[in-house]
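Worksheet: the structure to be examined is printed underneath.
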Amino acid sequence: MNPDVVQTALAAPAGSFSLLSLFWQAHIVVKLVMIGLIVASIWCWAIIIDKTLLYSRFSRQLDKFENVFWSGQSLEQLYQQVSAREAHGMAALFVAAMREWKRTYESGARTLHGLGARVDRVMDVTLAREVDRLERRLLVLATVGSAAPFIGLFGTVWGIMSAFQAIAASKNTNLAVVAPGIAEALFATALGLLAAIPAVMFYNKFASQVGRLTTRMEGFSDEFAAILSRQIDERSAA
C-alpha cells in the first residue's frame, strides 16, 4: 500500500476532531464526496429561499387579483390595467382568456361557435405554464433528498475502507489511531443527511403549496370560463 496513504490516515492525533481537520485528513475520494454534498446543500438552500419568497409573493398576487376581479369593475377596464404589465397567476389566465375573446370580436367573426372551447384551451395552456414556473427546480430538491444519503454513505464506506487498510499496514489497532479515520468517514454521512433532510422537508412543503395554488387558479379558470360562457350565450341569443 502507498505509504503516503498510511501516513495521511494515521497522522491525526487523538482528539483532533474539528470539522476542518476531519475534512483535510480524509481520503481524496471522501473529500470529493464532501465537497459535492456541501455544494448540493448550498444549492438546495438557495432554491428553498427563492421558492419561499416566490410562493409568498405569488399567493399575495392571487389575493390581490381576486379582490379586484370581484370588486365589480368591468372586465374591459380590468383587462386594460392588467395587460399593461407582466401578469402571473390568475391575472395571466384572465389576460389570456380576454385576449382570445377580444381577438374573436375584433376580427369580425360572424359566429361565436367554438369561442368557449378556445378560451378554455388558452387558459389551460397558461395554467400549465404558470404551474411549470412554480415547480421549476423542485426536482433538484427531490433528487438531493433521495440521493444525498447514499452519496454520503459511499464516502463513509470508502473512508472506512481506506482507514482499515492503513491500520492493517501499520499493524496498530489502538483506538486513538482508529478513531480519527472512522470519524472522517462518518463525517461524509453526516453531510449527506445535512443536505438530504432539509431538501426532503421543503420539497414536501413546496409540493403541497404548489397544489394549493394550482387549485386556486383552476377554480378561477372554471369560474371565469362560466362567466364568458354566459356572455357568449347572451350575445348569440341577441
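Hydrogens, waters and symmetry mates are skipped; everything else that's a heavy atom, side chains included, is used.
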Test item: [X] side-chain N/O and [Y] main-chain N/O as donor-acceptor pair under 3.5 Å:
{"X": "T189", "Y": "T156", "value": "no"}
{"X": "S221", "Y": "M217", "value": "no"}
{"X": "S56", "Y": "T52", "value": "no"}
{"X": "N67", "Y": "D63", "value": "yes"}
{"X": "N204", "Y": "V200", "value": "yes"}
{"X": "S71", "Y": "V68", "value": "yes"}

To the nearest 0.5 angstrom, please state how far the [atom1] atom of [X] sits from the [atom2] atom of [Y].
{"X": "L54", "Y": "Q61", "atom1": "CG", "atom2": "CD", "value": "8.5 Å"}
{"X": "S41", "Y": "L191", "atom1": "OG", "atom2": "CG", "value": "8.5 Å"}
{"X": "M201", "Y": "I48", "atom1": "CE", "atom2": "CD1", "value": "9.0 Å"}
{"X": "E223", "Y": "I227", "atom1": "CD", "atom2": "CD1", "value": "7.0 Å"}
{"X": "I47", "Y": "R136", "atom1": "CD1", "atom2": "CZ", "value": "12.0 Å"}
{"X": "R118", "Y": "R103", "atom1": "CZ", "atom2": "CZ", "value": "9.5 Å"}

Task: Residue pair F202, W45: steps toward the ring-ring contact (aromatic ring centres under 6.0 Å, His included) verdict - done: CA-CA 10 Å; F202 280 96; W45 278 107; 5.8 Å; yes

_Less than 6.0 angstrom separating the ring centers of F220 and F94, yes or no?_
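Judged by ring-centre distance (under 6.0 Å), F220 and F94 do not meet the cut-off.
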
What pair of heavy atoms forms the shortest contact from [X] to [Y], and how long is it?
{"X": "Q73", "Y": "L78", "answer": "NE2-N, 3.9 Å"}
{"X": "V119", "Y": "A97", "answer": "CG1-CB, 3.8 Å"}
{"X": "E130", "Y": "A92", "answer": "OE2-CB, 4.0 Å"}
{"X": "L138", "Y": "Y55", "answer": "CD1-OH, 3.7 Å"}
{"X": "G192", "Y": "A148", "answer": "O-CB, 3.5 Å"}
{"X": "A225", "Y": "D120", "answer": "CB-OD1, 3.3 Å"}

ILVMFWY cluster, [X] and [Y] together (side-chain gap under 4.5 Å):
{"X": "I42", "Y": "V33", "result": "yes"}
{"X": "L228", "Y": "Y79", "result": "yes"}
{"X": "L194", "Y": "I197", "result": "no"}
{"X": "L139", "Y": "F150", "result": "no"}
{"X": "M161", "Y": "V29", "result": "yes"}

Exercise for the section: For the pair V144 and Y203, evaluate side chain to side chain contact (heavy atoms under 4.5 Å, CB included) and give the outcome as yes or no after the intermediate values. Expected result: CA-CA 10 Å; V144 171; Y203 173 79; over 6 Å; no

Between R121 and E100, is the closest basic N to carboxylate O distance under 4.0 Å? no

Fill in: Residues E76 and Q80: side-chain donor-acceptor under 3.5 angstrom
yes

Quick one: are [X] and [Y] in side-chain contact, heavy atoms under 4.5 Å?
{"X": "M90", "Y": "F69", "result": "no"}
{"X": "L134", "Y": "F206", "result": "no"}
{"X": "F224", "Y": "L93", "result": "no"}

Exactly one of H88, K51, R216 clears side-chain contact (heavy atoms from CB on, under 4.5 Å) with F58, and that residue is H88

